[in-house]
Amino acid sequence: MKVLVTGGMGYIGSHTCIQMISAGMTPVIIDNLYNSKPTVLDRIEAVSGQRPVFVNGDVRDKALLVDVMTSHKVDAVIHFAGLKAVGESVQKPLEYYDNNVNGTLVLVDAMREAGVKSIVFSSSATVYGDPASVPIREDFPTSATNPYGRSKLMVEECLTDFQKANPDWSITLLRYFNPVGSHPSGQLGEDPQGIPNNLMPFVSQVAVGRREFLSVFGSDYPTKDGTGVRDYIHVMDLADGHIAALKNVGTKDGLHIYNLGTGIGYSVLDMVKAFEKACGTTIPYKLVDRRPGDIAECWADPAKAKQDLGWTATRSLDEMTQDTWRWQSENPQGYPEV
Ligand code: NAD
Ligand code: UFG
């Protein structure tokens with residue numbers, strides 16, 4: 001199976017390419033390197049033994065997409081490319097709607113022209129808004145509280161309408177919970193530019209001495225220790241979820257929606273403690289005000305993915321923190337420029 005992987009140079013995309021190669025699939029990457037470095041390709045090759053085709057291009061370039069899909073005879077698309085910072089999306093809504101919503105519309109239009117009818121889309125648990133209860137099932141109501149979340153919801157709705165009008169297409173919406181961790185080789189990982197927005201990259205930069213302390217956003221939530229609770233999932237498990245989706249529903253007509261999470265919630269302080277165990281040092285932190293827009297707790301009911309895809313997350317919290325630490329300590333400044 002040949003698969004066009006948009007955003008394949010990014011955090012989740014690069015790990016997925018490695019797992020695809022080991023599953024005998026051939027990824028063809030398109031990425032504009034807006035949030036990734038060319039050296040990711042060298043690392044994919046070093047770890048997997050194969051250097052995927054890489055096209056430096058934008059998902060809003062329809063002619064390029066048609067050309068790549070046709071010349072490489074791709075069977076399916078996994079669509080990771082997009083912008084993902086919640087706070088930035090409030091400042092730059094146009095850029096978010098253009099990259100995430102328009103980018104997907106152009107991509108699907110190009111697929112139609114190239115005769116490719118299978119797409120797996122990177123959605124997010126953010127589409128559940130502030131859930132009325134946990135664990136969250138796929139049939140829970142959806143809502144959005146910021147432009148990033150709204151862009152994911154809009155794409156889900158556009159793809160749902162499109163699938164209704166084109167019943168011979170296979171469209172899969174994967175709602176990721178909180179991806180963390182790195183490839184166990186320490187060669188690939190998350191490499192945010194500037195100040196990290198997310199917990200684990202921030203914690204690992206404190207551990208490596210790039211930041212002084214962690215600000216824990218809120219200690220008065222109605223949770224076991226007052227800090228926010230999330231469903232952290234190892235990025236390698238998430239990567240495997242894409243392969244399971246392609247194999248099991250990627251060739252079946254219909255709209256397929258799955259949570260990709262572990263079903264387990266950990267608090268911010270649980271994560272700090274687990275990280276301290278992995279890196280062997282203390283992570284200094286300060287309890288500060290809640291971050292606007294954050295919810296108290298969020299974790300998945302992963303039963304549907306287990307039943308239909310035969311997929312379940314298997315990697316432990318210790319693997320998540322140990323693998324993050326290996327990546328961060330061996331690459332303290334992230335990927336090299338060249
Ligand atoms: P990432 O930024 O590491 O990867 C995205 C890649 O897409 C980058 O390499 C970037 O250069 C590329 N890109 C961006 N806009 C592009 C465009 N217009 N054309 C071509 N390439 C473009 O992000 P990630 O963490 O790997 O996330 C991948 C996907 O998963 C995103 O759609 C994101 O919204 C979604 N997601 C991520 C998380 C998370 O916490 N990381 C959670 C839920 C959903
Ligand atoms: N947190 C801190 N300090 C930090 C960063 C985060 O205390 O410096 C806390 C947050 O308050 C939250 C938890 O750590 O309780 C996790 O925060 P993240 O920013 O890592 O993750 P979120 O759950 O807020 O957001 C993630 C993705 C978004 C997605 C959202 C919902 O990053 O893209 O899940 O699915 F929209």
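Note that ligands are numbered from 1 as they come in the structure, with each ligand's atoms numbered from 1 the same way.
Every atom of ligand 2 with a heavy atom of S124 under 4.0 Å away is listed here by number and element: 29 (C), 31 (C), 35 (O), 36 (F). Interface of G228 with ligand 2, defined as ligand atoms under 4.0 Å from a residue heavy atom, comprises 15 (O). Residue D294 has at least one heavy-atom neighbour below 4.0 Å for each of these atoms of ligand 2: 10 (C), 11 (O), 24 (O). Of all the atoms in ligand 2, the ones that sit under 4.0 Å from a non-hydrogen atom of V216 are 7 (O). Residue G7 has at least one heavy-atom neighbour below 4.0 Å for each of these atoms of ligand 1: 6 (C), 7 (O). In the vicinity of Y34, heavy-atom distances shorter than 4.0 Å reach the ligand 1 atoms 11 (O). Those atoms of ligand 2 with a heavy atom of N197 less than 4.0 angstrom away are 5 (C), 19 (O). For ligand 2 and A125, the ligand atoms under 4.0 Å from any heavy atom of the residue are 35 (O).
S122 and Y176 make their closest contact through OG-OH, 2.6 Å (heavy atoms, listed as atom of the first residue, atom of the second, distance). Shown here for P336 and T39, the closest heavy-atom pair between the two residues is O-OG1, 2.8 Å.
Contacts with ligand 2 closer than 4.0 Å are made by heavy atoms of both the backbone and the side chain of L199. Under 4.0 Å from ligand 2, the heavy atoms of S215 that appear belong solely to its backbone. Both the backbone and the side chain of T126 come within 4.0 Å of ligand 2, counting heavy atoms alone. Of all the heavy atoms of K152, the ones lying under 4.0 Å from any atom of ligand 1 belong exclusively to the side chain. The part of L33 lying near ligand 1 is the backbone, judged by heavy-atom distances below 4.0 Å.
If you check each of Y148, Y176, F217, Y232 against atom 16 (C) of ligand 2, the one with the closest non-hydrogen atom is Y232. With distances taken over non-hydrogen atoms, the option nearest atom 24 (O) of ligand 2 out of M200, R211, R230, R291 is R291. Of the listed options S122, S123, P179, S151, P179 places a heavy atom closest to atom 40 (O) of ligand 1. Here the shortest heavy-atom distance to atom 11 (O) of ligand 1, taken over L174, T16, D31, belongs to D31. The closest non-hydrogen atom to atom 43 (C) of ligand 1, taken over P192, S124, G57, comes from S124.
For the ligand labelled ligand 1, residue H79 lies outside the 4.0 Å heavy-atom shell. Residue contacts with ligand 1 leave out T6, since none of its heavy atoms falls under 4.0 Å from the ligand.
A salt bridge between D237 and R315 is present, with a side-chain N of the basic residue lying under 4.0 Å from a carboxylate O of the acidic one.
Cation-pi geometry between R290 and Y221 is met: under 6.0 angstrom from the ring centre, within 45 degrees of the axis.
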